Amino acid sequence: MTRPYEPHAIEEKWQSVWDAEGLYSVTEDPDRPKKYVLEMFPYPSGDIHMGHVRNYSIGDVVARYFTMRGYSVLHPIGWDAFGLPAENAAIKSGTHPAKWTYANIDKQAASFKRMGFSYDWGRTVKSCDVDYYRWGQWVFLKFWERGLVERKKSPVNWCPSCKTVLANEQVIGDGVCWRCKSTVEKRDLEQWYFKITEYSQELLDDLDTLPGWPERVKTMQANWIGRSEGAEVDFTLCDEAGQPTERTITVFTTRPDTLFGCTFFLLAPEHPLVRELTAGTEHDAGVRAVVAAAARETAVERASGEAEKLGAFTGRYVVNPVNGEKVPVWVSNYVLMEYGTGAVMAVPSGDQRDFEFARKYGLPIPPVVVAADDPLLEELEGMRGRHLLDVPWDQAYDGPGVMVQSGDFTRLPGGKNSEGMRAVTEWLSVRGQGRFSINFRLRDWLISRQRYWGNPIPAIHCPECGLVPVPADQLPVVLPMEVDITKGETLADHPEFYETSCPKCAGPARRETDTMDTFTCSSWYYFRYCDARNDGAIWDPAKVGYWMPVDQYIGGIEHAILHLLYSRFFTKVFRDMGLTSAAEPFTNLLTQGMVKKDGETMSKSRGNVVAPEDMVARFGADALRAFILFMAPPDKDLEWNQEGLEGMFRFLTRVWRYVSEVTEAPAGGGAIDAAAARALRRERHRVVGKVSADIERFGFNTALSAMMELLNAAGDYRRADGDARDGVLEREVAETLTLLIAPYAPHMAEELWREVLGKTGSVHREPWPAFDPALAAADEVEIAVQVNGKVRGKLTIAADAGEDAMREAALGLERVQEHLAGLAVRKVVVVPGKLVSIVAG
RNA sequence: GCCCGGGUGGCGGAAUUGGCAGACGCGGAGGUCUCAAAAACCUCUGGCCGAAAGGUCGUGCGGGUUCGAUUCCCGCCCCGGGCACCA
């Protein structure tokens with residue numbers, strides 16, 4: 001009698017054996033090729049959810065597969081342990097964030113171990129450990145040395161619920177906080193920045209070096225970086241009397257070819273010049289009204305483009321460098337201070353926003369670039385000066401076309417990246433009134449946070465010396481534990497923390513009390529895994545040289561910009577510091593889909609959470625792991641379905657029974673060359689080939705389907721050959737199934753391998769099964785015979801049959817003849833191994 | 001508005017290079033075993049017509065290319081996501 005499949009005893013047994021054997025700890029092995037398989041740094045929220053199970057099951061299959069393929073595989077885990085939920089929990093329950101966080105880590109680690117993931121636990125990092133965050137402070141100081149740290153005052157995003165500022169990347173959707181979804185506000189504050197914009201061009205260009213990333217993610221990053229080619233143009237400012245002065249205001253434009261159509265000039269409401277130009281004039285009141293209205297607009301309204309365009313004339317003019325024309329300067333809410341120079345040359349015939357503004361305020365709209373088929377082209381043919389002051393259009397035209405009313409540039413091609421655009425910029429450049437320019441949408445990364453549970457920024461404010469970095473030999477700046485979070489305290493409430501002396505002049509000084517964005521912690525953890533216990537340096541470059549870059553990174557699409565962009569930035573700086581030779585951190589990226597129930601994401605508030613622990617308790621970790629991979633391709637969202645999990649449990653039970661029965665009561669050496677045995681052997685080879693290829697392209701669902709097919713074929717064989725079965729073949733199939741399923745159901749496979757099949761050593765150290773494509777190929781194939789595009793017959797023929805033989809056999813089929821009756825065969829298409837298609841009429 | 005995904009049986013999904021649409025699983029129906037049930041095993045399971053053989057329709061919709069289209073091209077519809085006053 002074979003033992004029943006009882007997952008719990010098996011799983012917990014092997015988890016402790018693997019632990020004791022150190023099965024998953026790795027070191028650099030120069031004799032073997034390496035793979036670095038990594039899943040995104042989890043936040044220790046306590047309970048694991050199905051999203052974790054999916055994310056880490058994918059990584060575990062990939063890691064185990066590469067190990068069996070002979071690679072030296074690094075597969076680590078750790079915790080992104082700083083952050084607000086710990087503080088919020090503390091405020092609610094009175095538990096210190098550290099206590100809450102470490103308790104959650106222990107709970108989550110236990111859950112991960114119960115799932116049987118093959119982590120090298122000896123490399124674990126927790127970002128709230130001083131051994132980890134001290135190196136984050138070290139990185140901050142190095143960035144500072146390299147001129148990549150800046151403290152400046154500017155309008156910033158403030159989340160009223162999280163009570164802290166946010167980086168631009170952390171404001172998502174309709175102007176809401178990425179974490180709590182509250183609407184963010186704008187505040188003018190002095191904050192710390194990492195100058196990620198120094199790397200804008202490289203961050204954009206190197207996306208092309210990442211063929212292993214989803215196109216979608218690369219597009220999102222490229223859009224976020226937002227490179228625009230164009231020109232800077234200097235406009236001379238006129239005084240109150242309208243006379244040109246020495247002062248200029250520079251604008252960025254992507255359309256210098258439309259400069260002849262500029263009929264007004266705009267400043268952002270926040271532009272510093274606005275006050276200066278209008279203070280004490282008759283225009284002051286009107287301009288103030290626009291500035292005040294803009295200030296009242298929420299980020300949502302401002303960003304949505306739906307706010308009504310408001311404007312006020314400042315009473316002043318600038319001179320258009322191409323035609324010497326005086327152009328009125330207005331203030332408008334649709335000009336953003338954060339982009340370009342905060343000033344815009346308005347060309348209403350070529351820009352829809354300027355067009356709407358011009359129509360509203362009665363400003364002229366002279367055409368300057370018209371489409372080749374526009375009747376205006378003929379009307380204005382050859383006219384270099386301005387004849388037509390308004391267009392008969394109901395919207396602006398921004399496509400390619402021909403320049404009109406444009407002085408010496410008239411008749412040149414206009415539009416983005418046009419000859420006209422280059423010619424005008426060149427002309428300006430020669431006269432020193434403009435230049436080619438590239439502008440990025442990406443802004444510097446705001447990294448300071450006004451919260452307690454984070455990595456303290458190692459800086460000191462000295463009234464004499466200004467901003468002074470904490471000397472490297474005084475690191476770490478330890479986050480003090482004696483803080484009463486329930487009162488909402490931060491480091492700024494603790495004089496014993498912030499009262500210090502200046503490292504330069506030794507005078508009394510104030511320590512910085514902001515902490516770093518937690519995204520700084522997750523920007524380099526994958527480097528630290530390579531040398532996690534190093535207490536003399538952030539890491540040994542030789543170890544990083546062996547493991548980095550990460551070969552396969554797996555995580556959620558929600559980090560398409562945030563974490564993935566920051567990590568790319570950190571890696572490039574580390575490369576420039578000589579700490580790594582990698583230019584990019586993650587060679588291949590898999591973004592897994594969400595796990596849903598009833599069409600919605602699982603969440604406590606919806607009450608539709610299916611707890612992984614409950615499923616493990618009922619069906620075991622192996623069934624859950626295999627099933628979550630079987631349900632859908634990994635990058636797609638999937639809908640939870642419990643009956644399916646039961647089906648997977650049944651499949652594992654069938655594998656268990658098959659391997660047990662074949663091993664314990666083997667059939668004799670039967671009809672080895674019987675057709676049924678040949679078919680089973682062929683199926684074994686075919687399935688090994690398919691499972692291998694499927695894993696490499698992340699087709700875990702189809703890989704499992706193929707294993708089911710092999711088991712079905714094995715069952716067919718048992719029935720077909722009865723007692724005359726080939727016991728050697730069946731044993732081979734049983735071993736193959738055990739090896740193939742090992743990455744998915746590691747505990748069951750181990751029990752079958754060591755205890756049932758009686759092998760020594762772990763199945764997870766075994767080489768991946770080999771297959772022979774020649775044996776996988778069928779010697780006979782069934783092909784379809786079509787008459788006029790419809791299948792009218794089937795034909796079983798030797799797989800290597802020639803075209804003539806196939807044609808003859810096809811035409812000879814009775815049913816084919818019936819359908820050909822009265823018709824003349826015009827053409828016969830033969831696809832060897834596939835089909836014969838007969839065209840008749 | 002712009003840019004990506006996606007739309008295939010009752011359900012999840014498969015079809016890797018243009019070659020038999022629906023693999024595999026779930027669910028359903030019938031059967032074997034059993035006093036009975038569960039479990040396990042077997043058979044069937046896209047719609048319509050038909051007793052069957054077979055026929056016919058069928059991969060969001062409409063066209064096209066092709067001997068042949070889920071796959072390629074053109075034009076739409078719907079769903080999901082991202083970006084959006086970026087000059």
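For clarity, every value in this text was computed on a predicted model and none was experimentally measured. Residue numbers start from 1 in every chain, and the chains themselves are labelled A, B, ... in the order their sequence lines are given, proteins ahead of strands.
Nucleotides B/A14 and B/U65 have their C1' atoms positioned 27 Å apart, rounded to a whole Å. Using C1' as the reference atom, B/C11 and B/U45 are 14 Å apart when rounded to the nearest Å. Comparing the P positions of B/G63 and B/U71 gives an interatomic distance of 15 Å, to the nearest angstrom. With both ends at atom P, the span from B/G25 to B/C44 equals 13 Å, rounded to whole Å. Between the C1' atoms of B/G13 and B/U59, the separation comes to 13 Å (whole Å). With P as the reference atom, B/C2 and B/C49 are 45 Å apart, rounded to whole Å. The same atom, C1', is picked in B/C86 and in B/C61; the two are 37 Å apart, to the nearest Å. With P as the reference atom, B/G58 and B/G64 are 14 Å apart, rounded to whole Å.
At least one side-chain nitrogen or oxygen of A/Asn701 sits closer than 4.0 Å to the OP1 or OP2 atom of B/A14. Of the side-chain N and O atoms in A/Arg792, none sit less than 4.0 angstrom from OP1 or OP2 of B/C20. Of the side-chain N and O atoms in A/Arg443, none sit less than 4.0 angstrom from OP1 or OP2 of B/C86. At the phosphate of B/A14, neither OP1 nor OP2 sits under 4.0 Å from any side-chain N or O atom of A/Arg697. Contact annotation: A/Arg227 does not reach the phosphate of B/C86 (side-chain N/O to OP1 or OP2, under 4.0 Å). Contact between the side-chain N/O atoms of A/Arg654 and the OP1/OP2 oxygens of B/C41 is found at a separation under 4.0 Å. Distances shorter than 4.0 Å separate none of the side-chain N or O atoms of A/Arg719 from OP1 or OP2 on B/C41. The side chain of A/Asn641 places no N or O atom within less than 4.0 Å of a non-bridging phosphate oxygen (OP1 or OP2) of B/G13.
Nearest nucleotide to the side chain of A/Met708, out of B/G19, B/G25, B/A87: B/G25. Considering only side-chain atoms of A/Arg216, the nucleotide from B/G81, B/G55, B/A87 that sits closest is B/G81. When each of B/A40, B/C86, B/A14 is scored by its nearest atom to the side-chain atoms of A/Leu336, the top-ranked nucleotide is B/C86. Distance from the side chain of A/Asp694 is smallest to B/U16 among B/U16, B/A87, B/A84. Comparing B/C67, B/G19, B/C24 by their nearest atom to the side chain of A/Lys834 picks out B/G19. Residue A/Arg441 has its side chain nearest to B/C83 when only B/C83, B/G27, B/G19 are considered.
A donor N or O paired with an acceptor N or O is found under 3.5 Å between the base of B/C20 and the side-chain atoms of A/Lys794. In this model, no side-chain donor or acceptor of A/Lys790 finds a partner on the base of B/U56 within 3.5 Å.
For the side chain to side chain contact (heavy atoms under 4.5 Å, CB included) criterion with A/Glu169, the lone passing option out of A/Ile196, A/Leu446, A/Ile561 is A/Ile561. When A/Val839, A/Val785, A/Val836 are each tested for a side chain to side chain contact (heavy atoms under 4.5 Å, CB included) with A/Val828, only one passes: A/Val836.
Among the heavy atoms of the strands, none lies under 4.0 Å from A/Asn788. Among the heavy atoms of the strands lying under 4.0 Å from A/Ser228 are primed sugar atoms or P, OP1, OP2 only; no base atom is included. The residue A/Phe651 sits apart from the nucleic acid: no heavy atom pair falls under 4.0 Å. A/Gln786 comes within contact range of at least one nucleobase, with a heavy-atom separation under 4.0 Å. Residue contacts shown for A/Gln352 are absent, as no nucleic acid heavy atom lies under 4.0 Å away. Backbone-only contact: A/Gly647 has heavy atoms under 4.0 Å from sugar-phosphate atoms and none from a base.
Salt-bridge formation is detected for the pair A/Glu661/A/Arg718: a Lys NZ or Arg NE/NH1/NH2 atom is positioned less than 4.0 Å from an Asp or Glu carboxylate oxygen. For the pair A/Glu356 and A/Arg359, the salt-bridge criterion is not met [side-chain N within less than 4.0 Å of a carboxylate O].
Put simply, the side chain of A/Lys597 never gets that close to the backbone of A/Val610: no donor and acceptor are under 3.5 Å apart. In this structure, A/Tyr361 contributes its side chain and A/Gly311 its backbone to a donor-acceptor pair below 3.5 Å. Distance alone, capped at 3.5 Å, places no donor-acceptor pair between the A/Gln433 side chain and the A/Leu428 backbone.
Closest-nucleotide positions on RNA chain B for A/Val831 and A/Gly789 were compared, and the one nearer the 5' end corresponds to A/Val831. Comparing A/Met648 and A/Arg255 along RNA chain B, the residue whose closest nucleotide (by nearest heavy atom) sits nearer the 5' end is A/Met648.
Heavy atoms of other residues, nucleotides or ligands lying less than 6.0 angstrom from CZ of A/Arg697 number more than 12.
The partner of B/G1 is B/C83, by the rule that a Watson-Crick or G-U pair needs both atom distances under 3.5 Å. Under the Watson-Crick and G-U wobble criteria, each requiring two contacts below 3.5 Å, nucleotide B/C41 is paired to B/G31.
B/G9 adopts a syn glycosidic conformation, its chi angle falling within 90° of 0.
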